[in-house]
Number of protein chains: 2
Amino acid sequence: MPRPPSSQGAETREKILEVALELFTHQGYDATSLRDIAERLGITKAALYYYFERKEDILLELHMRLHDAGSALLDELEATEDGPARVAAWPALQDQLVDFMLEQRDLLLLHSRNQSALAALVGSERNQHANEELEARIVRILGSPAIPLRQRVRMAASIGVITEVLVESGEAFQDVPSEELAALVRETTADLLGVGTAR
Amino acid sequence: MPRPPSSQGAETREKILEVALELFTHQGYDATSLRDIAERLGITKAALYYYFERKEDILLELHMRLHDAGSALLDELEATEDGPARVAAWPALQDQLVDFMLEQRDLLLLHSRNQSALAALVGSERNQHANEELEARIVRILGSPAIPLRQRVRMAASIGVITEVLVESGEAFQDVPSEELAALVRETTADLLGVGTAR
DNA sequence: GTCTATATTTCGATAGAC
DNA sequence: GTCTATCGAAATATAGAC
């Protein structure tokens, strides 16, 4: 889908995505005009159309980067059989999820702040979403009757813990080294399952 | 701030807020035009201006309802002294938070889906926000050096658990009675603090 | 590749009749 | 209280020169 395969224009393209990521996150997608992005880069609005056909496509590409990274994680979980096997696979996934959220923090914030714009985007005609939304896949996993409700609540709970501490409330823990914070989160989610399983 | 004190027009006003809540949540604030709202109510766009001076004011009023309800909870917590006393007060707050999120689920979803629109709204000149944003107050509490980091992570973690299970992933637990779900969430957050404190 | 200039559309908001 | 009609401002997107 990208436009120019030329090797130098690719830099500009990447800069556009960088600026868009920041502006979309901090002012919101709808409140950010193409003029905002262009001015920040010292070019004009029209130049953006050389790299992206539509404004939507900029957001879409940022979305897909997170989607693809997250999809790999979910594929792994969905490879297990729905039921006890999936519960057994959960602890390992939790650990990977911590790394994932630390690595993708910027894109996760973009998604968190622009949920409605993204919903409209992927729910649209144009974009062939043979690739199902991550959120929907997670909901399906958590809604499965093949897993005891208490377990499923604990699974959702760990997602909540990781998201809240590492992404949403991240501002409160700015001064804490990532590794230390990650260790505390892992400890917390481990307790969540440990105690829950024992009951 | 509301316009008409007349007793019958108040119904229409409330209906406007109901429809706006639904559309803002499902399509997003920016993607929802006043025409969308008016048509749903069988009136014209211009009629809305009899009840609200600006489109912003509709969102603002919905925002303030959640803000006021949540502010009461936070006031209570902030009444304690920063440090061990606040940690001691936390378990009780957690319990109240579960009820709060169940009661205010619709407004919480609105806020979650329109974070950027709301940030622009309250960060604006017009609205005297002597009332500080809830998020900022929470971040300050969670960032306090007077409380051990492990404790603060657990506090943030419980917020994450409650939000994720009762609001964000709520769709996965649609068929579960609220009371049962609330009980499981309370059990989970209690474990979170119980084990964490023991360490 | 980037520019200037402009077409097109949509939306928030206002004026004024009823 | 609700309507018709319209204004004015942005913003997306396009055309075409350089």
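Chain naming here is simple, since letters A, B, ... match the order of the sequence lines and numbering starts at 1 in each.
Rounded to an integer number of Å, the gap from CD of Glu39(B) to C1' of dG12(C) is 16 Å. At whole-Å resolution of the value, CD1 in Ile43(A) and P in dC3(C) are 6 Å apart. Spacing between atom CZ of Phe52(B) and atom C1' of dT2(D) amounts to 16 Å, rounded to whole angstrom units. Between the NZ atom of Lys15(A) and the C1' atom of dT2(C) there is a distance of 14 Å, given to the nearest Å.
Checked against salt bridge (charged side-chain N to carboxylate O under 4.0 Å, His left out), Glu22(B) has the following partners two or more places apart in sequence or in another chain: Arg40(B). In this structure Glu78(A) satisfies the salt bridge (charged side-chain N to carboxylate O under 4.0 Å, His left out) test together with Arg137(A), sequence neighbours excluded. For Glu14(A), the salt bridge (charged side-chain N to carboxylate O under 4.0 Å, His left out) partners two or more places apart in sequence, or in a different chain, are Arg65(A). Residues that satisfy the salt bridge (charged side-chain N to carboxylate O under 4.0 Å, His left out) test with Asp57(B), not counting sequence neighbours, are Arg54(B).
Look at Thr44(A) and you'll find a side-chain N or O under 4.0 angstrom from OP1 or OP2 of dC3(C). Contact annotation: Tyr50(B) side-chain N/O to dT2(D) OP1/OP2 distance is not under 4.0 Å.
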Exercise. Produce a footprint string for nucleotides 11-18 of chain D: one letter per nucleotide, 5' end first; B if the base is under 4.0 Å from any protein heavy atom, S if only the sugar-phosphate is, - if neither.
Key: SBBB----
Show every donor-acceptor pair shorter than 3.5 Å between a side-chain atom in residues 100-114 of chain B and any protein atom, with sequence neighbours excluded, or say none if there are none.
residue: Arg105(B); atom: NE; partner: Leu166(B); partner atom: O; Å: 2.8
residue: Arg105(B); atom: NH2; partner: Val167(B); partner atom: O; Å: 3.2
residue: His111(B); atom: ND1; partner: Leu107(B); partner atom: O; Å: 3.0
residue: His111(B); atom: NE2; partner: His63(B); partner atom: ND1; Å: 2.8
residue: Ser112(B); atom: OG; partner: Gln115(A); partner atom: NE2; Å: 2.9
residue: Ser112(B); atom: OG; partner: Glu168(B); partner atom: OE2; Å: 2.8
residue: Arg113(B); atom: NH1; partner: Thr25(B); partner atom: O; Å: 3.4
residue: Asn114(B); atom: OD1; partner: Tyr29(B); partner atom: N; Å: 2.8
residue: Asn114(B); atom: ND2; partner: Phe24(B); partner atom: O; Å: 3.0
residue: Asn114(B); atom: ND2; partner: Leu110(B); partner atom: O; Å: 3.1

Kindly list each side-chain donor-acceptor pair under 3.5 angstrom involving residues 88-97 of chain B, sequence neighbours excluded, with atom names and distances?
residue: Trp90(B); atom: NE1; partner: Ser158(B); partner atom: OG; Å: 3.3
residue: Gln94(B); atom: OE1; partner: Thr189(B); partner atom: OG1; Å: 3.4
residue: Gln94(B); atom: NE2; partner: Ser158(B); partner atom: OG; Å: 2.9

Might you list the N or O atoms of the protein lying below 3.5 Å from N or O atoms in nucleotides 8-10 of chain D, with each pair's distance?
none

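Considering all non-hydrogen atoms of both residues, Gln27(B) and Thr32(B) come closest at OE1-OG1, 3.3 Å.
Annotation: ring pair (Phe, Tyr, Trp, His ring centres under 6.0 Å) contacts involving residues 137-177 of chain B, sequence neighbours excluded, are absent.
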